[in-house]
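The structure is given below, and queries will be raised subsequently.
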Protein chains: 2
Amino acid sequence: MADSSTEEKIREAAHVVFTRKGFAATRTRDIAEEAGLNLALLNYYFRSKENLFDIIMKENMQRFLKGISGVLNDESMTLKAKLTVIAENYINMLEKNPDLPLFILTEIKANPEKLAVDMNFKEIILRSNFYAQLREALGNKLNPFHIIMNILSITIFPFAASPILKIVGELQQNDFNALMEERKKMIPLWIEAMLKVE
Amino acid sequence: MADSSTEEKIREAAHVVFTRKGFAATRTRDIAEEAGLNLALLNYYFRSKENLFDIIMKENMQRFLKGISGVLNDESMTLKAKLTVIAENYINMLEKNPDLPLFILTEIKANPEKLAVDMNFKEIILRSNFYAQLREALGNKLNPFHIIMNILSITIFPFAASPILKIVGELQQNDFNALMEERKKMIPLWIEAMLKVE
DNA sequence: GTCTATAATTCGATAGAC
DNA sequence: GTCTATCGAATTATAGAC
């Protein structure tokens with residue numbers, strides 16, 4: 001990090017600032033300052049703010065999928081085992097990238113067509129072994145998509161809402177992290193309990 | 001709505017645009033266009049973009065609390081009854097204001113001090129009869145704040161993530177609405193199931 | 001490659017006619 | 001009160017020296 005190339009410094013700074021503040025609220029000056037470099041270098045290496053943003057967007061989209069995609073189609077794992085691994089991996093990733101959820105939600109809403117590019121969320125989730133296992137566990141009591149939404153909700157939402165939750169719950173960063181650690185164990189149990197609801 | 005005053009037209013347009021795009025991505029010209037009026041009138045009636053935004057922010061914060069605060073301290077209702085009313089009211093509100101969650105999450109993150117103004121989320125939730133009932137139902141198995149987070153998560157997150165969920169689940173607006181209707185009934189059942197987890 | 005200085009554009013705000 | 005025209009500040013992008 002200390003002596004990475006100039007191009008790399010800019011990319012890292014752009015990652016930090018864009019992910020924290022989103023496209024619209026970010027000024028290229030913020031990125032230059034974060035990188036400890038001159039404003040002109042951003043355009044020299046990346047041509048435009050949009051172009052630099054698109055690179056960061058792709059990185060963030062991939063990070064958002066990583067940690068799930070590998071697990072979903074492992075046919076040797078039970079549903080419960082998959083839930084455990086997914087919750088663990090995802091919360092680990094979110095602890096390192098706490099700004100990611102709000103970034104993804106905001107930028108996809110502003111620019112939905114960027115979701116379709118490259119990666120097929122549809123294929124990855126809806127045609128996975130995991131989804132089939134969910135469907136089987138539910139019988140035809142319920143649309144399995146509800147459970148997908150619930151897993152994503154209870155895993156991701158606390159990070160997206162952390163500024164509010166910290167104030168409401170009077171939590172320091174330490175307290176918040178401790179709660180998220182507890183959730184790694186609890187989320188699979190909660191989801192299993194939901195699956196049994198009639 | 002058709003022949004409301006100019007000031008009211010601006011306020012309505014500002015509500016729509018600010019809530020959909022957030023402060024940073026909104027241009028005052030967008031609001032003027034949405035209102036079908038001239039740009040100069042915004043400053044004539046509201047002095048500045050910031051000032052107009054603060055008004056919309058307050059409206060949206062209050063709307064975000066309405067539908068909960070009344071129920072939380074009704075001592076005649078059981079926990080289950082409260083959960084039912086909260087899920088029902090909140091999803092009704094979110095169906096009418098689908099942009100509200102992302103707006104609140106984004107603007108509080110950008111400006112956390114605006115949460116403290118006026119309303120005390122802390123008091124309203126943590127010292128409510130509802131919270132006491134949660135604590136009792138859980139014994140000391142679990143920090144009740146987890147359940148608060150879970151209620152908020154499974155209720156609010158699907159609206160914040162709706163652009164993504166629609167693409168991933170191949171849902172039209174009709175399909176999405178139908179799922180949210182189902183959730184009104186399911187959320188209390190899911191939360192009750194979570195409370196029993198050891 | 002890197003920097004300073006500046007051009008070009010966008011955007012919030014205002015002056016002034018009606 | 002409402003509009004057109006425009007100013008001035010902020011911001012992206014670039015020219016040109018080193």
| query | So does B:Glu33 have more than 12 non-hydrogen atoms from other groups sitting under 6.0 Å from CD? | reply |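 Open.
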
| Taking atom C1' of D:dT14 as reference, at what distance in whole Å does atom NZ of A:Lys49 sit? |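 The distance from NZ of A:Lys49 to C1' of D:dT14 comes to 17 Å, rounded to the nearest Å.
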
| query | Taking only residues two or more places apart in sequence, or in another chain, which ones meet A:Phe159 in a ring pair (Phe, Tyr, Trp, His ring centres under 6.0 Å)? | reply |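 Counting only residues at least two positions away or on another chain, A:Phe159 forms a ring pair (Phe, Tyr, Trp, His ring centres under 6.0 Å) with A:Phe176.
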
| Rounded to the nearest Å, what distance is computed from the CG atom of residue A:Asp30 to the P atom of nucleotide D:dT11? |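 Going from A:Asp30 (CG) to D:dT11 (P), I get 8 Å.
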
| query | How is B:Phe46 classified with respect to the nucleic acid when contacts are heavy atoms under 4.0 Å: base, sugar-phosphate, or nothing? | reply |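 Since no nucleic acid heavy atom lies under 4.0 Å of B:Phe46, the category is nothing.
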
| field | Between C:dT2 (C1') and A:Leu42 (CG): distance, integer Å | value |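 Atom CG in A:Leu42 sits about 13 Å away from atom C1' in C:dT2.
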
| Tell me: CD of A:Glu50 to P of C:dT10, nearest whole Å? |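 Roughly 11 Å, once rounded to whole Å.
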
| query | What pairs with B:Phe18 under ring pair (Phe, Tyr, Trp, His ring centres under 6.0 Å), at least two apart in sequence or on another chain? | reply |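 For B:Phe18, the residues satisfying ring pair (Phe, Tyr, Trp, His ring centres under 6.0 Å) (neighbours in sequence not counted) are B:Phe53.
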
| Can you name the ring pair (Phe, Tyr, Trp, His ring centres under 6.0 Å) partners of A:His146, sequence neighbours left out? |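 Partners of A:His146 by the ring pair (Phe, Tyr, Trp, His ring centres under 6.0 Å) criterion, ordered by chain and then number, come out as B:Trp190.
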
| request: Quick one: list whatever passes side chain to side chain donor-acceptor pair (under 3.5 Å) with A:Lys184, sequence neighbours left out. | output: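 A:Lys184 satisfies side chain to side chain donor-acceptor pair (under 3.5 Å) with A:Asn92, A:Glu181 once adjacent residues are dropped.
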
| task | Could you tell me which residues satisfy side chain to side chain donor-acceptor pair (under 3.5 Å) with A:Asn43, sequence neighbours excluded, listed by chain and number? | result |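 Expected list: none.
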
| request: Let me know the distance between CZ of A:Arg27 and C1' of C:dT9, rounded to the nearest Å. | output: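 After rounding, the gap between these two atoms is 17 Å.
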
| Nearest of C:dT2, D:dA13, C:dG12 to any side-chain atom of A:Thr6? |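 It is C:dT2.
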
| field | Distance in angstrom units between A:Asn43 CG and D:dA15 P, rounded | value |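 After rounding, the reported distance stands at 11 Å.
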
| task | Mind calculating the distance between CZ (A:Phe53) and P (D:dT11) to the nearest angstrom? | result |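 Rounded to the whole Å, the gap is 18 Å.
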
| request: Would you list the pairs meeting side-chain hydrogen bond (donor to acceptor under 3.5 Å, both in side chains) in which at least one residue belongs to residues 93-103 of chain B, sequence neighbours left out? | output: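 Only A:Lys109-B:Asp99, B:Arg63-B:Asn97 qualify under side-chain hydrogen bond (donor to acceptor under 3.5 Å, both in side chains).
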
Identify all pairs in which a protein N or O lies below 3.5 Å from an N or O of nucleotides 3-6 of chain C, and state each distance.
{"residue": "C:dC3", "atom": "OP2", "partner": "A:Asn38", "partner atom": "N", "Å": "3.4"}
{"residue": "C:dT4", "atom": "OP2", "partner": "A:Asn38", "partner atom": "ND2", "Å": "3.0"}

| B:Tyr44 OH to C:dG16 C1': how many Å, rounded? |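 Roughly 14 Å, once rounded to whole Å.
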
| field | Within residues 19-26 of chain A: residues closer than 4.0 Å to DNA chain C (heavy atoms) | value |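 Going residue by residue through residues 19-26 of chain A, none turns out to have a heavy atom under 4.0 Å of DNA chain C.
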
| request: Answer yes or no: is there an ion pair linking B:Glu59 with B:Arg11, defined by an N-O contact shorter than 4.0 Å? | output: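 Answer for the salt bridge query: yes.
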
Show which side-chain atoms of residues 69-77 of chain A pair as donor or acceptor with protein atoms under 3.5 Å away, not counting sequence neighbours.
{"residue": "A:Asn73", "atom": "OD1", "partner": "A:Asn129", "partner atom": "N", "Å": "2.9"}
{"residue": "A:Asp74", "atom": "OD1", "partner": "A:Ser76", "partner atom": "N", "Å": "2.9"}
{"residue": "A:Asp74", "atom": "OD1", "partner": "A:Ser76", "partner atom": "OG", "Å": "2.7"}

